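Single-structure report; data block below.
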There are 2 protein chains.
Amino acid sequence: MLKLTKKADYGLMALKYLAEHPETAALSAKDIADAYGIPAQLLAKILQQLTKAGLLRSHAGMNGGYALSREAREISAYEVIHAIDGPFFITSCTKGSKSCELTPSCTIKEPLARVNETIAGVLKSISIQDLTEQEHPAGHAQEASRLIFLTL
Amino acid sequence: MLKLTKKADYGLMALKYLAEHPETAALSAKDIADAYGIPAQLLAKILQQLTKAGLLRSHAGMNGGYALSREAREISAYEVIHAIDGPFFITSCTKGSKSCELTPSCTIKEPLARVNETIAGVLKSISIQDLTEQEHPAGHAQEASRLIFLTL
DNA sequence: GCAATATCCGACTGGTTCAGTCCGCGTTTA
DNA sequence: TAAACGCGGACTGAACCAGTCGGATATTGC
């Protein structure tokens, strides 16, 4: 449970790959898929979703492909996941669902909603750029999580 | 995506209910299920899992049922979720899986593993007791998440 | 213009997981 | 002894995920 779908994984990998190859004008879905050994057609659909969400710019035709629409530092992991898997909620019933109004049961939801926001905040603080800096050099992400642990 | 299973939800609700009724020696699965309007047989299985995990104490026979095996403050949401849904990982391939060793693809995993730990840390910091204090009175959880947002 | 290379998009399938149910067994107490 | 309760395996239907197929459209190079 609580795991990313493979699609979201692939999406993050693809964006990271694009961030690592800024010199090329555009990379095709097949290029990226081959680099990681993932199904090309599946990745293609994912990249289409990311394009529709405005995270990528696409270009059809020969030598076409995809490129980041913003700087890698300006794209958060949260945006990627959200674009692919849709809005996520830890609570199984979102506000407005009937199942919870009938039974005044879910007093649990309030604290969990706060957890949800916390997780979203963490994901928003991590950029594609952070993913490319696989080594320790005190990126945003690492500092943040260290601080979090100190405060808990 | 990234949502708790209903089972985990039910488990948290049940523990919260038990924490709110410390005077009674034991509550049956049916009692709790009726209180929240959830399927009794399903809840029963969940409570059994929590018992096996050591979070609850069970007592068979008439007037039997379940009771917390520790103080509500000493039981974390993480333990409950872990007991019901098993260990969770954000990354789709855990360490040791073959699919990732073949392709040296997953340089993404390291940062995501850190996110995973962060989330686990947040869940560990929330106790059943915190769930019962639905109002604001500056419980652990709230303070923690406020600090997190400041640091990010 | 034509063919190759791309993105784009809907439909489909097989597999897995989740939610929930059924049923029989062991245990405790009145 | 019978009722109330926990225990645990097996099963079903529904939903979702991963991946594939097929075709339409756009762009480029020759």
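Per chain, numbering begins at 1; letters A, B, ... match sequence-line order. Any value given below was found using the heavy atoms of this structure, including those in side chains, with hydrogens, waters and symmetry copies removed. Every value quoted in this text rests on a predicted model; they were computed, and no experiment measured them.
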Using modelled atom types and a 3.5 Å cut-off, is there a donor and acceptor pairing between side-chain atoms of [X] and backbone atoms of [Y]?
X	Y	answer
B:Ser58	B:Tyr66	no
B:Ser127	B:Ser76	no
A:Asp31	A:Ser28	yes

Kindly give the heavy-atom pair with the smallest separation between A:Ala83 and A:Ala53, and that separation in Å.
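Nearest pair, atom of A:Ala83 first, then A:Ala53: CB-CB, 3.6 Å.
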Write down the atom of B:Gly11, the atom of B:Ile84, and the distance for their closest heavy-atom approach.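 Minimum heavy-atom contact is CA-CD1, 3.9 Å.
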Q) Does anything in residues 24-33 of chain A reach DNA chain C, meaning a heavy atom under 4.0 Å, and if so which residues? A)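 Those residues whose heavy atoms fall under 4.0 Å from DNA chain C, taken from residues 24-33 of chain A in numerical order, are A:Ser28, A:Ala29.
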Inset, instruction - Check each residue of residues 47-60 of chain B for a non-hydrogen atom within less than 4.0 Å of any atom in DNA chain C, then write out the ones that pass by number, or none. - result: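 Only B:His59, B:Ala60 qualify.
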What is the separation between atom [atom1] on [X] and atom [atom2] on [N], rounded to the nearest whole Å?
X	N	atom1	atom2	value
B:Leu42	D:dG6	CG	C1'	15 Å
A:Leu4	D:dC17	CG	P	12 Å
B:Ile46	C:dA19	CD1	C1'	9 Å
B:Asp85	C:dT17	CG	C1'	11 Å
B:Leu18	D:dG6	CG	C1'	14 Å

Closest to the [X] side chain: [options]?
X	options	value
B:Met62	C:dT21, C:dA4, C:dA30	C:dA30
A:Gln41	D:dA18, C:dA30, D:dC21	D:dC21
B:Tyr66	D:dC7, D:dA3, C:dA11	D:dC7
A:Lys45	C:dA19, C:dA4, D:dG19	D:dG19

message = Does C:dA19 have OP1 or OP2 under 4.0 Å away from a side-chain N or O of B:Tyr10?
response =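 Negative; the distance criterion is not met.
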Measuring from [X]:[atom1] to [Y]:[atom2], what's the distance to the nearest 0.5 Å?
X	Y	atom1	atom2	value
B:Ile81	B:Ile126	CD1	CD1	8.5 Å
A:Leu68	A:Ile75	CG	CD1	5.0 Å
A:Asp34	A:Leu27	CG	CG	11.5 Å

- Task: Give a yes or no on this: more than 12 heavy atoms of other residues, nucleotides or ligands lie within 6.0 Å of atom CZ of A:Arg70.
- Result: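 Yes, CZ of A:Arg70 has more than 12 neighbouring heavy atoms, counting only those of other groups under 6.0 Å.
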5' precedence on DNA chain C between B:Lys7 and B:Gly61 (nearest-nucleotide basis):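 The residue closer to the strand's 5' end, by nearest nucleotide, is B:Lys7.
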